[in-house]
Participant: 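Here it is, the structure, as structure tokens.
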Amino acid sequence: MISPWLIAALAGGVIIVGLAVYAGILLARLRQQTQFRQQAIAKRNDRILESVRVIAKAVKEDQCNLSEGAIRLTNLLNALQFDQPKSFAEDYPGLYDLYDRVKELPTHEARKQLKRNERMRQDLQRAGHEGELEATIKIEVERLATMELPGR
């Protein structure tokens, strides 16, 4: 006759092996999901970086005004994802300074609703900010036009 202790030990062993196999399956899925997520982030970062390069070249070649370039570039740079947070404001102070100065000015339909003299006042204000920061921004967009992501 088989001992009840032996049956209990075998049953416990089967349960432990079953749980170990299940844990292994879950770990494999987690690794796969993590790898998929990292690949998706890398692909998204590559698309964003390509947009940064195109806009930086347009600003550099005066095909895009400095204010619009600053708004677009700062938003794109802020959208990049890294394992450790990165502050691009320190690397590109001219762009971020101009962005901070013009981000509240109305655009599109809101701008069209302004009176003509108010639009002109804002245009002069914007042009003043752009003139003040142009030299710094031109150097920064030169660097951004050839920017590479860390670890690549």
Side-chain angles (χ1 to χ4, degrees), residues 13-152:
V14 169
I15 290 171
I16 290 173
V17 168
L19 289 174
V21 168
Y22 183 62
I25 291 169
L26 290 178
L27 282 173
R29 283 185 189 167
L30 179 61
R31 274 191 220 107
Q32 185 180 28
Q33 287 175 347
T34 301
Q35 185 179 27
F36 178 74
R37 183 176 182 274
Q38 289 171 339
Q39 289 171 346
I41 289 171
K43 188 175 180 180
R44 180 176 180 267
N45 279 349
D46 287 342
R47 283 193 319 270
I48 291 170
L49 184 59
E50 184 56 33
S51 294
V52 166
R53 288 185 194 127
V54 167
I55 294 168
K57 286 176 185 174
V59 171
K60 178 179 144 187
E61 297 169 1
D62 295 321
Q63 296 173 355
C64 175
N65 73 46
L66 295 178
S67 294
E68 182 178 350
I71 291 168
R72 291 176 184 271
L73 288 169
T74 54
N75 283 304
L76 286 169
L77 291 170
N78 291 339
L80 289 169
Q81 289 182 273
F82 301 102
D83 293 335
Q84 299 295 319
K86 176 101 173 96
S87 175
F88 287 105
E90 296 170 5
D91 296 334
Y92 305 100
L95 281 170
Y96 278 81
D97 188 9
L98 183 57
Y99 171 75
D100 284 337
R101 294 181 189 196
V102 300
K103 67 182 177 187
E104 299 300 325
L105 296 177
T107 60
H108 303 93
E109 286 302 315
R111 178 176 160 71
K112 289 178 185 176
Q113 301 302 320
L114 295 174
K115 292 182 180 178
R116 183 173 181 260
N117 62 340
E118 180 61 20
R119 271 196 318 267
M120 289 177 58
R121 186 187 67 74
Q122 288 182 2
D123 288 345
L124 287 173
Q125 181 183 14
R126 185 184 339 261
H129 296 317
E130 288 176 354
E132 183 181 333
L133 296 166
E134 181 176 12
T136 303
I137 291 173
K138 289 292 186 169
I139 293 167
E140 293 172 358
V141 296
E142 185 78 34
R143 289 182 13 233
L144 284 170
T146 60
M147 181 183 183
E148 292 294 328
L149 291 177
R152 298 235 169 188

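Numbering of residues begins at 1 and proceeds along the displayed sequence.
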Participant: To the closest 0.5 Å, what do you measure between CG (D123) and OG (S67)?
Facilitator: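 Here the interatomic distance stands at 9.5 Å.
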Participant: To the nearest 0.5 Å, what is the distance between CZ on R126 and CZ on R121?
Facilitator: 11.0 Å
Participant: Would you list the pairs meeting salt bridge (charged side-chain N to carboxylate O under 4.0 Å, His left out) in which at least one residue belongs to residues 22-42, sequence neighbours left out?
Facilitator: none
Participant: For G94 and L133, work out which heavy atoms get closest and say how close.
Facilitator: O-CD1, 3.9 Å
Participant: Under the criterion side chain to side chain contact (heavy atoms under 4.5 Å, CB included), I'd like the reasoning laid out for N75 against Y99: C-alpha separation, chi angles, the key distance, then a yes or no.
Facilitator: CA-CA 9 Å; N75 283 304; Y99 171 75; 4.1 Å; yes
Participant: Does atom CD of E61 have more than 12 heavy-atom neighbours, drawn from other residues, nucleotides or ligands, at distances under 6.0 Å?
Facilitator: yes
Participant: Could you state the interatomic distance from OG1 (T74) to CG (L95), rounded to the nearest 0.5 Å?
Facilitator: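 Here the rounded value is 7.5 Å.
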Participant: Measuring from Q125:CD to L105:CG, what's the distance to the nearest 0.5 Å?
Facilitator: 5.5 Å
Participant: Nearest 0.5 Å please: distance from the CG atom of L114 over to the CZ atom of R111.
Facilitator: 7.5 Å
Participant: To the nearest 0.5 Å, tell me how far L27 CG sits from Y22 OH.
Facilitator: 11.0 Å
Participant: Using a 4.5 Å cut-off on heavy atoms from C-beta on, say whether the side chain of D100 contacts that of H129.
Facilitator: no
Participant: Heavy atoms, side chains only, cut-off 4.5 Å: are L98 and L66 in contact?
Facilitator: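 Yes; the side chains approach each other to less than 4.5 Å.
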Participant: Is it the case that atom CG in D83 sees more than 12 heavy atoms from other parts of the structure closer than 6.0 Å?
Facilitator: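 Open.
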Participant: Could you pull out all donor-acceptor pairs under 3.5 Å where a side-chain atom in residues 47-60 meets a protein atom, sequence neighbours excluded?
Facilitator:
{"residue": "E50", "atom": "OE1", "partner": "R53", "partner atom": "NH1", "Å": "3.3"}
{"residue": "S51", "atom": "OG", "partner": "R47", "partner atom": "O", "Å": "3.3"}
{"residue": "R53", "atom": "NE", "partner": "M147", "partner atom": "O", "Å": "3.0"}
{"residue": "R53", "atom": "NH2", "partner": "M147", "partner atom": "O", "Å": "2.9"}
{"residue": "R53", "atom": "NH2", "partner": "E148", "partner atom": "OE2", "Å": "3.3"}
{"residue": "K60", "atom": "NZ", "partner": "E142", "partner atom": "OE2", "Å": "3.4"}

Participant: Please lay out, stage by stage, how E109 and K112 fare under the test salt bridge (Lys or Arg N to Asp or Glu O under 4.0 Å).
Facilitator: CA-CA 5 Å; E109 286 302 315; K112 289 178 185 176; 3.5 Å; yes
Participant: Pairs in or reaching into residues 88-97: which pass side-chain hydrogen bond (donor to acceptor under 3.5 Å, both in side chains), with residues at least two apart or in two chains?
Facilitator: N78-Y96, K86-D91, D97-R101
